[in-house]
Amino acid sequence: MFDAVPSPDFPAQERAQLAFWTGEGIFDRSVEQSKDRPRYVFFEGPPTANGLPHWGSVFTRVGKDVFLRYKSMCGYYVPRRTGWDTHGLPVEVEVQKELGLKGKEDIEKMGLEAFSRHCLESVGRYIGEWERMSERIGFWLDRDGYATYHRSFVESVWWALSTFFEQGLLYQDYKSVWWWPQGNTTLSAGEVGEGYRAVDDPSVVVRFRLDDGTALLAWTTTPWTLPSNLALAVAPQETYAEVRHEGGNVILAEALVAAVIGDDAEIVRTLAGSELVGRSYEPLYTFREPENGKSYEVLGAAFVTLDSGTGVVHMAPAFGEDDYRVGKEQGLAFLQLVEPNGHMSEDCGAFAGLFFKEADKPIMRDLKERGLLFKQATYRHDYPFSPRAPDEPLLQYARRSWFIRTSAKKDSVVSNNQSVTWQPSHIREGRMGDFLRNNVDWAISRERWWGTPLPIWKNDETDAMESVGSVAEILQRNPDAFAKFYAQQKNDATLSDDLMVHRPWIDDVTWTKDGEPGVYRRVPEVIDCWFDAGSMPFAQWGYPHQNKDRFEENFPADFITEAIDQTRGWWNAMLQISTLLFPERATPHPFKSCVVLGFITDKEGRKQSKRLKNYEPPMEALDKYSADAVRWALLVNCVPGLNTKFDGSSAKESTRDLLLKVWNVLSFFVTYARIDKWEPHDSPPVFERATLDRWILAELDDTIAGVCSAFDDLEAYTAARRVQSFVDALSNWYLRRSRARFWASGDSTDKHAAFSTLHEVLCDLSRLLAPFTPFLAEELFQRVVRRHDTTAPVSVHLDPFPTPSADWSDPWLRQSMGTVRNLVALGLSVRAHHQLKVRQPLAETILVLHDRAQVEPYLEVIREELNVKEVRISDDPAQFVEFEIVPNFRALGPKLGKRMPQCKQALANANGSALYQALETKGEITIELSDGQPVMLSKDEIEVRLKAREGYAAASEGDTVVVLDTRLTPELEAEGLAREVIHHIQGARKDLDLEYDARITIVYEASDALAAALATHGPWIAGETLTTTLEPGEVEGDAREADVGGHLFRFRVAL
RNA sequence: GCGCUUGUAGCUCAGCCGGUUAGAGCGUCCGCCUGAUAAGCGGGAGGUCGGUGGUUCGAGUCCACUCAAGCGCACCA
């Protein structure tokens, strides 16, 4: 016997399922049992173990889980290795905040060892939070995974870097980079991109005096770079103009004279830009002598345009990117009067020690006093700030950094990406493709502490450099390299081997080489943590130092999924590194397909942020609404690549739309199965079952096929929507229409067929739901499958996904039932319009339709649903409807072309009924168009539309009309009253909370027509309401009263 | 500034190769039904398919331009 189904408490049930899964080791078994099957490789994009998981994290994990569960149930071996991104700026900044460390000095004062240990500890804390969330949402993932700080992981990354170094792909160079002074580090393009904000900056035009008394005008928005000015650049082929001006004539591009000076400017003469090239000018400031090269000279440069400014560009090679490049090409000197901490150098006179942005005003004031400030305004533009500290502006700063020459292999990376399957597909050429095509060399060094150390050692006397790819390689050079580390470890058990490859310990590692003077010491930098993440395909296994076979088995990934911000992050890093490192491998690698998720926003479409407090903490919501509700809400609403507005109300909706509906169907099934003591056995062949049974099985079959194909197209949301509409059909049509079959008394083959069908549907539904709502699916499975079939796996997640079945498939039946449901909807709408309750039986409904064969087998369904005595398909449609003949544009368009509108008009003007007659008899019609030419139209080339004639209670749609006979006879009215009575008695039974099969007796008082109706229909009423005696009499005790069709009905129910 | 994506009912979204009465769910109002239901059903209201122009017999769908939003790229001085 099935267990009674209680009222649902989804969160509580989920806790029980979690305990069950853990206790039985279901996840491990699901992986284990498929060990010998084809492998489906998944890479976990390592989340940064920094900060609590938010809705985006929840969504990403659900998005991963649903595909992995599906593939697993489809018979693939789907190992799921967890991973954590544990290095880098985010972690350091978090620790700095916690410990109140302001900057570089504070950290160094505290000591790198303590700092690194704090970072490690912080990371461990957040990993715990993430694991709790992952478990709660039912995301199945191995606990035993990789972390980027592991020694084996770091050594793999070293191997990659070392390989690049040897191939000349890793190089050091001065380059203008975005520098974060307070953070003492460069930032990657990605990090910089996060911090742009519109600000108002000064916009000044400055005079640079030439030796002949005139001056060149140059525009800049960064006055703080002016003391470091070394040159001016002009466009040699453009025309420049000398303009008369008090205080000395000025020179600028002719095209910009009006914009800079005004329409009334008086041009003294014009000259070519090339004439200016080579002239020297008077420096604005001479705080420090420029080193190694030319200075204070006018250069010609191709990058100078006349779009804005003056056509004369102020050049400070120590800062801007173009400035540095051109400076280098043209042999300019180098002058950097801003220190790495962002403050003006000590030798800057009055400006010494000012923070660079603070120097703007004093510099402008000074220039003004000296008559060198030509014009001053404010300029609103976007400027980058630190993504970690939004008030701290970044500085464009020429700095020696390490780069990976990704630009050298740009084409290979782009073409590797071409073969990746992206969902949605536009990402390939759009977002991702653009990013890769615009790629510049990857600045990977960071002047920080907690990260993978750059494995380059430099001879402190000769500057020779060596790279190493592992600890073993270091030991070959110096067997005692880690002596100090091991000595410390002896006394300190908490010092794990993972730390030996980190700062500060690794900085103690040195070696010498025979025949070479000097000592090899490690360069100070660590690397961008995105390089760690991007190395994960091989570094997770410690490849190539170990696990070569596991790497080969798991490369490339079949599937990954992350949110769209990974374009510049993880995806980019993986594509770059893999393409450079494994040039010989077949593309795509390291991943074959990727589902791109949008962001989860609040209901207003704003990004969720802690600051705005515009979201509910996920863990709280999961306990409130249930993980399944949250999963379903995310899966059914989120379209790949698009943002989704989400909050708790979405989870509430999914509880109603899916969870409760499924639960209620289960509850119905079990209720009647228990009453009848029905057990699954000898299920009848499908072709012997009732139409409704065959129909719901056909729908199930179609749903299964649809879900599979949606998953195969990487469209989880389409799959979810298919399931949703199946559950609707099951609950709202199959069950509603089948109820009577279940509560019919006695045993019948039909009842058995109904039970068997519903049971089979529920069994498959549990499997169908398993990837989406694993908890509900399990609950269902345990109740309907495991309860009887002890040979079934202990968990739905060990069972195969359903497959379409030829026995069930029946497209014709599905279409017919669709038509029937439509007819019923029309009929009910007629009733609504004429205020005829469905409880009031009517004599007849007449259907007018084209394809009677499609509907004929189901007239009984329509009869019951519309509560009419008879359903008839009209033989004489003309009696009820008018015909309208319209062209079938799709068919006629190509044939008639420009004459199409004439045809439409001619058909509209003609008598529709006459045309219909002709069509019925001859199978075609001929009509004359306004150009005088007749046109012959076949049946396929036109469409017949029906409209109910005036005066009938009818509704129409397309080629279908439903007519109701609204006339009531006394007999019909009496039956209507009887049904009202049944309704009230049933209500009373429910009120009294009676068992479904409890027998009752009723005494009632009624008069007139109602009494007559009760007398006539007594036996029927009694049968429907399980009433043993139904008799008139004095109603005493707790009487109930009801208004039945205007008559008072008093009655008393007794057991 | 440039690029990608999106714009369809109050909200969330469908809409296949262009085919002429643009759909669904939620919400709302009205009505109905209910021995599974914390449910369900029917109907009404609600749309210049962001705008303009074009191609076409025919455009929500194709093209051009344009507006708005999200994201990405980027401070050329």
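Proteins come first, then strands; the chains are lettered A, B, ... in the order of their sequence lines, and each starts at number 1.
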For [X], answer base if it contacts any base atom (sugar-phosphate contacts may also be present), sugar-phosphate if it contacts only those atoms, and nothing otherwise; contact means non-hydrogen atoms under 4.0 Å.
X: A:G893; result: base
X: A:S7; result: base
X: A:S667; result: sugar-phosphate
X: A:T221; result: sugar-phosphate
X: A:L892; result: nothing
X: A:P8; result: base
X: A:E429; result: nothing
X: A:L735; result: base

Contacts of A:G430 and A:L836 projected onto RNA chain B by closest heavy atom; the upstream (5') one is A:G430

By nearest nucleotide on RNA chain B, pick out whichever of A:D565 and A:V838 is the more 5' one. A:V838

Test A:L907 against A:L937 for side chain to side chain contact (heavy atoms under 4.5 Å, CB included), laying out the working first. CA-CA 11 Å; A:L907 285 171; A:L937 303 172; 4.2 Å; yes

Take atom [atom1] in [N] and the same atom in [M], then report the distance between them in whole Å.
N: B:G31; M: B:G70; atom1: P; answer: 43 Å
N: B:U8; M: B:G60; atom1: C1'; answer: 7 Å
N: B:G46; M: B:C11; atom1: P; answer: 16 Å
N: B:U61; M: B:U52; atom1: P; answer: 12 Å
N: B:G10; M: B:G51; atom1: P; answer: 14 Å
N: B:U21; M: B:U5; atom1: P; answer: 32 Å
N: B:C62; M: B:U55; atom1: C1'; answer: 8 Å
N: B:U12; M: B:G50; atom1: P; answer: 14 Å

With a 4.5 Å heavy-atom cut-off, do A:L836 and A:V830 have their side chains touching? no

Could you state the [atom1]-[atom2] distance from [X] to [N], rounded to the nearest angstrom?
X: A:D434; N: B:C71; atom1: CG; atom2: C1'; result: 12 Å
X: A:R437; N: B:C2; atom1: CZ; atom2: P; result: 18 Å
X: A:E715; N: B:A14; atom1: CD; atom2: P; result: 10 Å
X: A:L776; N: B:A38; atom1: CG; atom2: P; result: 17 Å
X: A:K904; N: B:U56; atom1: NZ; atom2: P; result: 19 Å
X: A:K837; N: B:G31; atom1: NZ; atom2: P; result: 12 Å
X: A:E941; N: B:U20; atom1: CD; atom2: C1'; result: 17 Å
X: A:W733; N: B:A36; atom1: CH2; atom2: C1'; result: 18 Å

When you check the phosphate oxygens OP1 and OP2 of B:C33, does a side-chain N or O of A:H983 lie under 4.0 Å from one of them? no

For B:C4, take OP1 and OP2 only and decide whether either is under 4.0 Å from a side-chain N or O of A:R431. no

NZ (A:K895) with more than 12 external heavy atoms under 6.0 Å: yes

Is [N] paired to anything, Watson-Crick or G-U wobble with both distances less than 3.5 Å, and if yes, which nucleotide?
N: B:C11; result: B:G25
N: B:U20; result: none
N: B:C73; result: B:G1
N: B:A64; result: B:U52
N: B:G40; result: B:C32

Readout for nucleotides 39-47 of chain B: B = base within 4.0 Å of protein heavy atom, S = sugar-phosphate only, - = neither; 5' to 3' it is SSSSS----

A:R1040/A:H984 under side chain to side chain donor-acceptor pair (under 3.5 Å): CA gap, chis, key distance, verdict: CA-CA 9 Å; A:R1040 290 166 180 272; A:H984 287 293; over 6 Å; no

[X], nearest nucleotide to its side chain (from [options]):
X: A:R979; options: B:C16, B:U34, B:G3; answer: B:U34
X: A:R721; options: B:C73, B:A36, B:A14; answer: B:A14
X: A:E980; options: B:A36, B:C33, B:G19; answer: B:C33
X: A:R890; options: B:C16, B:C26, B:U20; answer: B:C16

Please enumerate all residues that pass side chain to side chain donor-acceptor pair (under 3.5 Å) together with A:T567, with sequence neighbours excluded. none

Side chain to side chain donor-acceptor pair (under 3.5 Å) against A:W422, all qualifying residues, sequence neighbours excluded: A:N417

From the list A:Y324, A:W179, A:W224, ring-ring contact (aromatic ring centres under 6.0 Å, His included) with A:F319 holds only for A:W224

Parallel, tilted or perpendicular, judged at 30° and 60°: which one describes the rings of A:F669 and A:F755? perpendicular

SB check A:K661 A:D728 (cutoff 4.0 Å): yes

Lys/Arg-Asp/Glu bridge criterion (N-O < 4.0 Å) met for A:E1024, A:R979: no

